[in-house]
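What follows is a set of notes on a single structure, which appears directly below.
Owing to the predicted nature of the structure, the values given are computational and were not obtained by experimental measurement.
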Amino acid sequence: MIWDNNEDICCIHCENRRRVLQQHLTACREERRPYVFITPTMREITVLKRILVPITMLEEEVYKAEICTYLARKTGARLLLLPAHDYGSHARINMGKIISHIEAVRERTGDAVTYEILEARKDSFHLFEEAVDRQRDFGHQLLVLTASRDYGLDDILFGPPERKAIMHSQVPVMLINPREDLFSLCD
């Protein structure tokens, strides 16, 4: 794929079929910018009021903080933080780091960034599934996920979790690749 280098966020509108989605996911593996998948089966969004941010135990979940805070500041949307229901504390630690980032941005800019913490029922390995299954409960207009770090054998055979989330989501899905040299949005 060829992207315009002046875009902050890439939008991909494609058919909701496994092969088509996987081709786009594979093409975006090295992308530094966030990218949004929109399929014909998703409902049309005119105003962004709530953004669902599932938080797993993986350390790259903290990368979501910058883009989510930026979107919330510019649109006035409320962030819905959904930490995984894990036995360990990594998801809670990641959520704390995201909240610290939100508070720091709020203090620095004076913009009203609001968030709400929701309790997940599932663990980190099934959190994306829960986020898609409970869409009616959350009432969000955008789902922000972290793409798989690497594709393992199960991802190659059965598909990565982000593809399954895109296929079953009723709202656009934004993906952020887990890279240390992520694209930073400027004001």
Identify the heavy atoms of [X] and [Y] that sit nearest to each other, and give their distance.
X	Y	value
Val20	Glu15	CG1-O, 4.0 Å
Met167	Asn16	O-ND2, 3.0 Å
Pro160	Gln22	CD-OE1, 3.2 Å
Pro54	Glu61	O-OE1, 3.0 Å
Arg43	Val171	NH2-CG1, 3.4 Å
Val53	Cys68	CG2-SG, 3.6 Å

Using modelled atom types only, decide if a donor and an acceptor are shared between the side chain of [X] and the backbone of [Y] within a distance under 3.5 Å.
X	Y	value
Glu162	Ala147	no
Asp86	Ser124	yes
Arg106	Val113	yes

Applying the 4.5 Å side-chain criterion to the ILVMFWY set and letting contacts propagate, would [X] and [Y] be lumped into a single cluster?
X	Y	value
Phe125	Ile93	no
Leu21	Phe128	yes
Ile176	Ile99	yes
Ile166	Ile12	yes

ask   = Have Glu60 and Thr146 got a donor and an acceptor in their side chains that come within less than 3.5 Å?
value =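 Distance-only check fails for Glu60 and Thr146.
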Rounded to the nearest 0.5 Å, what's the gap from [atom1] on [X] to [atom2] on [Y]? Could you check?
X	Y	atom1	atom2	value
Arg121	Leu118	CZ	CG	10.5 Å
Met174	Cys10	CE	SG	10.0 Å
Arg78	Leu52	CZ	CG	13.0 Å
His24	Thr26	NE2	OG1	10.5 Å
Ile102	Leu79	CD1	CG	5.0 Å
Tyr70	Thr109	OH	OG1	12.0 Å

ask   = Can you list the steps and then say if Gln141 with Val47 is a side-chain contact (heavy atoms from CB on, under 4.5 Å)?
value = CA-CA 8 Å; Gln141 291 79 31; Val47 177; over 6 Å; no
Does the side chain of [Y] come within less than 4.5 Å of [X]'s, by heavy atoms?
X	Y	answer
Ile45	Pro172	yes
Leu142	Leu71	yes
Leu25	Leu175	yes
Val173	Met42	yes
Phe37	Cys14	yes

ask   = When you look at Arg50 and Glu116, which way does the side-chain contact (heavy atoms from CB on, under 4.5 Å) test go after all the steps?
value = CA-CA 10 Å; Arg50 300 177 89 175; Glu116 179 181 345; 3.3 Å; yes
key: Steps toward side-chain contact (heavy atoms from CB on, under 4.5 Å) verdict (Ile55, Ile98)   = CA-CA 9 Å; Ile55 304 168; Ile98 291 172; 3.8 Å; yes
inquiry  = Run the side-chain hydrogen bond (donor to acceptor under 3.5 Å, both in side chains) test on Asn177 and Tyr35 for me, step by step, so that the C-alpha distance in whole Å, both residues' side-chain angles and the decisive distance to 0.1 Å come before the verdict.
reply    = CA-CA 9 Å; Asn177 283 332; Tyr35 47 102; 2.9 Å; yes
task = Kindly determine whether Gln135 and Ser169 satisfy side-chain hydrogen bond (donor to acceptor under 3.5 Å, both in side chains), including the steps that lead there.
result = CA-CA 8 Å; Gln135 288 185 353; Ser169 181; 3.0 Å; yes
ask   = Using 4.0 Å as the upper bound for N to carboxylate O, is an ion pair formed by Glu119 and Arg92?
value =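 Yes.
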Salt bridge Glu129-Lys122, side-chain N to carboxylate O under 4.0 Å =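 Lys122 and Glu129: salt-bridged.
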note = Sequence neighbours excluded, the answer for salt bridge (charged side-chain N to carboxylate O under 4.0 Å, His left out) partners of Arg134 is Glu130, Asp137
request  = Have a look at Phe138 and tell me which of Ile51, Leu80, Leu143 forms a side-chain contact (heavy atoms from CB on, under 4.5 Å) with it.
outcome  =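 Exactly one pass, corresponding to Leu80.
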query = In terms of heavy-atom contacts, does NE2 of His101 have more than 12 from other residues, nucleotides or ligands at under 6.0 Å?
reply = yes
side-chain contact (heavy atoms from CB on, under 4.5 Å) between Val36 and Ile38, worked out = CA-CA 6 Å; Val36 179; Ile38 303 169; 4.0 Å; yes
